[in-house]
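I have placed the structure first, in the form of structure tokens, so that the comments after it can refer back to it.
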Amino acid sequence: MPVHPRLIAITQPLAPATEAFRQLRTSVLSYRGDRPLQTIMVTSPMAQEGKTSVVANLAITLAQAGRTVILVDADLRQASLHTLFDVPGDRGLTNALLEPAGELPLQATGVDNLRLLAGGPHAPNPSELLASPRMAEIIASLRG
């Protein structure tokens, strides 16, 4: 599997940036709420701020620590996580939101314990889809 250079947790395991992702992983895993942390969302108000790289490398380090991780690309306008993991992006979250019957199109990433729900095709109304009851069902299903 060719490895995208932005996946530094794989390509540069000894780099300071990779260690920073491991420290972030430790902080996430040591979170002490009233119940175990199962869902993490990474977002920002602007494009090109590093959301994709951060979430991908955090997911990799969590998976490397033995956690089962499902990475969801919820950027229904410009989904790109599938390109980092070199998997098809034609089916994904958009399909699951618009075609509720059937299993979620999870894909292997080449990283043990890490699967991807790609964004899928461009959505005509991403905000409405992400705020829909179906999205809540998908998140609940993935938690299980």
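Everything numeric here is computed off the predicted structure, so don't read it as measured data.
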So if you build clusters from Ile, Leu, Val, Met, Phe, Trp, Tyr with side-chain heavy-atom gaps below 4.5 Å, do Ile138 and Ile40 land together?
no
Thr11, Ile10, Ile8 screened by side-chain contact (heavy atoms from CB on, under 4.5 Å) with Thr18, the one that passes:
Ile8
side-chain contact (heavy atoms from CB on, under 4.5 Å) partners for Ala108, two or more places apart:
none
With rounding to the nearest 0.5 Å, note down the distance linking OG1 in Thr83 to NE2 in His4.
5.5 Å
Only one of Thr52, Asn57, Val3 forms a side-chain contact (heavy atoms from CB on, under 4.5 Å) with Leu84, so which one is it?
Thr52
Could you point out which residue of Leu93, Leu142, Asn95 forms a side-chain contact (heavy atoms from CB on, under 4.5 Å) with Leu104?
Leu142
So do Leu117 and Pro105 actually touch side chain to side chain, heavy atoms under 4.5 Å?
yes
Donor-acceptor pair, distance only, cut-off 3.5 Å: does the side chain of Gln107 make one with the backbone of Pro88?
yes
Ile60/Phe21 under side-chain contact (heavy atoms from CB on, under 4.5 Å): CA gap, chis, key distance, verdict:
CA-CA 9 Å; Ile60 290 167; Phe21 283 113; over 6 Å; no
Are Phe85 and Val42 linked, directly or through intermediate hydrophobic residues, by side-chain heavy-atom contacts shorter than 4.5 Å (ILVMFWY only)?
yes
Could you go through residues 69-80 and list every donor-acceptor pair under 3.5 Å that involves a side-chain atom there, pairing it with any protein atom two or more places apart or in another chain?
unit_1	atom_1	unit_2	atom_2	d
Asp73	OD1	Asp75	N	3.1
Asp73	OD2	Ser80	N	2.8
Asp73	OD2	Leu81	N	2.9
Asp75	OD1	Arg77	N	3.2
Asp75	OD1	Gln78	N	2.9

Starting at OG1 of Thr109, measure out to CG of Leu114 and round the result to the nearest 0.5 Å.
3.5 Å
Write out all pairs satisfying salt bridge (charged side-chain N to carboxylate O under 4.0 Å, His left out) with one or both partners inside residues 98-115, taking only residues at least two apart or from two chains.
Arg91-Glu99
Tell me every residue that passes side-chain hydrogen bond (donor to acceptor under 3.5 Å, both in side chains) with Arg143, counting only those two or more places apart in sequence or in another chain.
Thr39
Do any side-chain atoms of residues 126-133 form donor-acceptor pairs under 3.5 angstrom with protein atoms, and if so which ones, sequence neighbours left out?
unit_1	atom_1	unit_2	atom_2	d
Ser132	OG	Leu129	O	2.7
Ser132	OG	Arg134	N	3.4
Ser132	OG	Met135	N	3.3

Hey, can you pull the donor-acceptor pairs under 3.5 Å for the side chains in residues 23-30, sequence neighbours left out?
unit_1	atom_1	unit_2	atom_2	d
Arg25	NH1	Thr61	O	2.9
Thr26	OG1	Arg22	O	3.0
Ser27	OG	Gln23	O	3.2
Ser30	OG	Thr26	O	3.0
Ser30	OG	Ser27	O	3.1

Determine whether a donor-acceptor pair (N or O, by modelled atom type, separation under 3.5 Å) exists between the side chain of Ser53 and the backbone of Arg6.
no
Hey, what do you get for NZ (Lys51) to CE (Met41), rounding to the nearest 0.5 Å?
11.5 Å
Shared ILVMFWY cluster between Val87 and Val111, side chains joined below 4.5 angstrom?
yes
